[in-house]
Amino acid sequence: MIYTMTLNPALDYVMHPLTLDMGFTNRSSSEELHCGGNGINISTLLNELDVPSIAMGIAAGFTGDYLLRRLQEKGIASNFVCLDRGYTRINIKLNGIVMTMVNGMGPKIPEKKVDELLGRMDIVGAGDTLVLTGSIPNSLPEDMYSQVMRRLGGRGIQFVVDAPGQLLMEALEMHPFLIKPNNHEVGRIYGVNIEEPEECMPYAHKLQEAGARNVIISCGGHGSLLLDENGAEHIVPTAKIKLVNATGAGDSMVAGFLAQVTRGVDYETALIFASACGTATAASKGIAKRATIDRVVSALYKKMGRAIPGTIAQAMENNRAREAAVAAAEAADQGEKN
Ligand SMILES: O=P(O)(O)OC[C@@]1(O)O[C@H](CO)[C@@H](O)[C@@H]1O
């Protein structure tokens, strides 16, 4: 089972402002509300790919209630500790000419609730994957991820860590199965300015030497790289799309990679699929739907001049057939109503 942990989930309120003039009232042309927080985004995409996961974390107040209800409605299993005070944050994403984000701080989390969550995490066991990702609310210790990993270490759990700076570096000594920083985060860690996957590869080696087993570094529109645990280097370009909203694109990459690796697919194919998932989310309102992912997978393989591998092509075919059956059933239903 894949478990995702979101200590500071959010409702992502995406606005499309027509202007962004500081000190004035600006108007938005449309708005959307999505369940967010990195782990929740990963569970959402896994669910879209029919890969079961359990989303764990801490929720609070009316926004937390809404978030948990939406997860349930989508069929995403969850196991959240609920706080008696405060509310799950609402993160503002201003999707104008330049994307601007204002992320909330999140509720204050009392120690007994942290202990309750740690206790619940004991369900994670041998053969499971635990994804630790996203910011840590101020009221939690900075080494929270390492604490969790030390507590659960030695049980045969695969850890995935997607966290910035010190949080990531501290986690490396526990030899996470996968880390996925982006080029900017890696640049900040090593004090360099790196854009292209080729420029990032030496730093992937450093991160692997420091303890990570598989290292993915995403480089936005420049593509992404994987230095796998066998020492093989893989670089994948990005399919061209019209950018809609990049929120959750990195999380979608993690989900896509895990979905394929869980099914026993080789690392290079998993990276290509991961890249397609990230790009598909960047081309979507919210986390990508399967049909968009499939379109991007086709475009990416075409760009790379390669044939889509059999297992992925078969899954795409099954999905097309399923969607056609749903559309036919809906049309028949509509016909009966008329
Ligand atoms: O404030 P954090 O925890 O660093 O980031 C939270 C967040 O920006 O990340 C997700 C996208 O990765 C969004 O769903 C969410 O709003």
Side-chain angles (χ1 to χ4, degrees), residues 4-15 31-48 53 55-60 63-64 66-68 70-71 74 76 78 80 86-95 98-109 117 131-142 144-145 148 160-168 171 178-185 188-189 216-218 220 224 243-258 274 277-288:
T4 60
M5 188 161 90
T6 313
L7 293 171
N8 208 358
L11 295 182
D12 289 341
Y13 190 54
V14 185
M15 304 178 94
E31 304 84 42
E32 304 136 38
L33 190 63
H34 304 288
C35 295
N38 305 52
I40 287 177
N41 292 338
I42 292 171
S43 281
T44 303
L45 196 116
L46 286 172
N47 186 52
E48 191 63 29
S53 76
M56 301 188 78
I58 299 179
T63 42
Y66 173 81
L67 183 104
L68 296 181
R70 288 292 295 134
L71 291 183
K74 288 183 195 173
I76 300 170
S78 67
F80 272 68
Y87 57 89
T88 290
R89 63 193 172 145
I90 300 172
N91 287 347
I92 308 294
K93 314 288 178 185
L94 298 171
N95 205 354
V98 179
M99 180 85 181
T100 306
M101 294 172 262
V102 186
N103 286 3
M105 198 156 75
K108 194 169 175 333
I109 302 168
L117 179 68
V131 186
L132 301 164
T133 173
S135 70
I136 297 196
N138 276 353
S139 52
L140 293 186
E142 273 188 12
M144 185 70 196
Y145 287 162
V148 171
V160 175
V161 183
D162 187 6
Q166 204 44 32
L167 264 180
L168 175 72
L178 174 68
I179 62 170
K180 195 225 64 69
N182 62 38
N183 59 312
H184 302 296
E185 287 162 343
R188 272 194 291 276
I189 291 171
I216 292 181
I217 302 179
S218 54
S224 52
L243 179 68
V244 174
N245 180 4
T247 302
D251 307 328
S252 301
M253 278 194 81
V254 173
F257 187 79
L258 290 179
C277 288
T279 305
T281 287
S284 305
K285 288 183 172 178
I287 299 299

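None of these values were measured; they are calculated from a predicted model. Counting starts at 1 for both ligands and their atoms, in listed order.
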Using a strict 4.0 Å cut-off to heavy atoms of [X], name the atoms of ligand 1 that fall inside it.
X      : answer
Asn91  : 6 (C), 15 (C), 16 (O)
Gly36  : 14 (O)
Thr247 : 11 (C), 13 (C), 14 (O)

Polar atom proximity, [X] to ligand 1 (N or O, under 3.5 Å):
X      : value
Asn103 : yes
Met101 : no
Asn8   : no

4.5 Å side-chain heavy-atom contact, [X] and [Y]:
X      : Y      : answer
Leu7   : Met144 : yes
Asn245 : Val14  : yes
Tyr66  : Leu33  : yes

Considering only protein heavy atoms, which is closest to [atom], and at what distance to one decimal place?
atom                    : result
atom 11 (C) of ligand 1 : Asp251 OD2, 3.3 Å
atom 15 (C) of ligand 1 : Asp12 OD1, 3.6 Å
atom 9 (O) of ligand 1  : Asn38 OD1, 3.2 Å
atom 2 (P) of ligand 1  : Ser135 OG, 3.4 Å
atom 8 (O) of ligand 1  : Lys93 NZ, 2.8 Å

Query raised in the report: So which of Ile40, Val131, Asn38 actually passes side chain to side chain contact (heavy atoms under 4.5 Å, CB included) with Thr6?
Result: Ile40

Query raised in the report: Atom OG of Ser252 and atom CZ of Phe257: how far apart are they, to the nearest 0.5 Å?
Result: 15.0 Å

Report task. Measure the CZ-CG distance between Arg188 and Leu168 for me, rounded to the nearest 0.5 Å. Result -> 12.0 Å

Report task. Take atom CE of Met99 as the centre, draw a 6.0 Å sphere, and report whether it contains more than 12 heavy atoms from other residues, nucleotides or ligands. Result -> yes

Query raised in the report: Would you find more than 12 non-hydrogen atoms of other residues, nucleotides or ligands less than 6.0 Å from Lys74 atom NZ?
Result: yes

Query raised in the report: Touching ligand 1 at all, Gly37? Heavy atoms, strictly under 4.0 Å?
Result: yes

Could you tell me whether [X] approaches ligand 1 through its side chain, its backbone, both or neither, with non-hydrogen atoms closer than 4.0 Å?
X      : value
Met105 : neither
Ile40  : neither
His34  : neither

Query - Donor-acceptor side-chain pairing of Asn103 and Lys93 below 3.5 angstrom - result: yes

Query raised in the report: Given the rule in the side chain to side chain donor-acceptor pair (under 3.5 Å) test, do Thr4 and Ser43 qualify, once you have shown the distances and angles that lead to the verdict?
Result: CA-CA 7 Å; Thr4 60; Ser43 281; 2.8 Å; yes

